[in-house]
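Atoms considered below: every heavy atom in the structure, side chains included; atoms not considered: hydrogens, waters and symmetry mates. Index from 1, following the sequence.
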Amino acid sequence: MSETIHEFTTTIPHWQPRVKPIKLDEATPEQLDALKVTPSNTKVSDYVLVLANDVETLKVRTPLFNAIMYNRGGMSRAEREIGATAASVVNRCVYCAAVHASRYNQLAKDEEVMKRIFADGEDADLDPRQSAILRFATRLSKAPSEASESDMQALREAGLNDEEILDLILSASLFGWANRLMHTLGDPVAKQD
């Protein structure tokens, strides 16, 4: 049995499902159709193969995920990854935190931000814009009522416009849901050599 990982890292762990993933070579035409919208240029993850057990949900989930995380305009992709990572840290989803911190590092070409977030959470020493994004996403993820009007004002003072704020709300909220799926359906485990 593999050891479950509990510490935050930018090294993406293996995700071990508790629910049996479908096998691609045994997938129904409906499952294959639902899998077409998965944005992967490598292999389809076990997580998506687990979700393919419920075709209708996967057909809605993936386009929603893609629209929130990859749409043009609004907040930058890297800043959306801060929102996703903040939610994942609050929810203690080690796998999602690793994936989205790693994506941030790739997009921003800067590993310091995620090191600081993992070390200090909401109190991480970041630039004013990143701090406002992190603070808002963290508070929204703890409890929506914790994200106050003063947090919205801080976002505006840090230079975010309404479209960027909406993208932040969507990315952090999406991961409130995604983290719960990941926790319920499987575990982040150390990769076997």
Would you say Leu107 and Leu126 are hydrophobically clustered, going by side-chain heavy atoms of ILVMFWY under 4.5 Å? no

Please name the pair of heavy atoms, one in Asn91 and one in Gly176, separated by the smallest distance, quoted to 0.1 Å. ND2-CA, 3.8 Å

Do Leu51 and Arg61 have side chains that get closer than 4.5 Å, going by heavy atoms? yes

Taking the basic N atoms (NZ, or NE/NH1/NH2) and the acidic carboxylate oxygens, is any pair closer than 4.0 Å for Arg80 and Glu164? no

Do Ile82 and His100 come within less than 4.5 Å of each other through their side chains, counting heavy atoms only? no

If you measure from CG on Asp187 to CD on Gln16, what distance do you get to the nearest 0.5 Å? 7.0 Å

Shared hydrophobic cluster, Leu174 / Leu170 (ILVMFWY, side-chain heavy atoms < 4.5 Å): yes

Distance to the ring centre below 6.0 angstrom and angle to the axis at most 45 degrees; does that hold for Arg116 and Phe118? no

Quick check: Tyr95 with His14 (ring centres under 6.0 Å apart)? no

First locate atom CG of Asn66, then atom CG of Asn71, and finally report the distance between them rounded to the nearest 0.5 Å. 10.0 Å

Heavy-atom closest contact (Tyr104 atom, Val113 atom, distance): OH-CG2, 3.5 Å

Drop me the distance from Met152's CE to Leu160's CG, to the nearest 0.5 angstrom. 9.5 Å

Can Val90 be reached from Phe136 by stepping across I, L, V, M, F, W or Y side chains whose heavy atoms are under 4.5 Å apart? no

In this structure, CG of Asn105 is separated from CD of Glu111 (nearest 0.5 Å) by 5.0 Å

Hydrophobic cluster membership, Tyr47 vs Val50, 4.5 Å side-chain cutoff: yes

Return the minimal non-hydrogen interatomic distance between Asp167 and Met75, and the atom names on each side. OD2-N, 2.9 Å

Does any part of the side chain of Leu185, heavy atoms only, come nearer than 4.5 Å to the side chain of Arg18, both counted from C-beta? no

Could you check Arg139 against Asp151 for salt bridge (Lys or Arg N to Asp or Glu O under 4.0 Å), going step by step and ending with a plain yes or no? CA-CA 9 Å; Arg139 291 180 183 177; Asp151 293 314; 2.8 Å; yes

Nearest heavy-atom pair of Leu49 and Pro21: which atoms, and what distance? CB-CB, 3.6 Å

Over all heavy atoms of both residues, which pair between Phe175 and Ser88 is shortest? Give the atoms and the distance, please. CD2-OG, 4.0 Å

Are Arg103 and Val99 side-chain neighbours, meaning at least one heavy-atom pair lies under 4.5 Å? yes

About how many Å separate OG of Ser76 and CZ of Arg129, when rounded to the nearest 0.5 Å? 7.0 Å

Heavy-atom closest pair (Ala87 atom, Asn179 atom, distance to 0.1 Å) is O-OD1, 3.3 Å

Transitively linked via ILVMFWY side-chain contacts under 4.5 Å: Ile68 with Trp177? yes

Measuring from atom CG of Leu24 to atom CD of Glu26, what distance do you get when rounded to the nearest 0.5 angstrom? 10.0 Å

Just do the side chain to side chain contact (heavy atoms under 4.5 Å, CB included) check on Thr85 and Phe8 with the steps written out, would you? CA-CA 10 Å; Thr85 302; Phe8 292 116; over 6 Å; no

Short question: side chain of Gln31, backbone of Thr28 - any donor-acceptor pair under 3.5 Å? yes

Counting N and O atoms only, with roles assigned by atom type, does the side chain of Ser171 sit under 3.5 Å from a partner on the main chain of Leu168, one being a donor and the other an acceptor? yes

Hey, is the main chain of Asp125 close enough, under 3.5 Å, to the side chain of Asp120 for a donor-acceptor pair? no

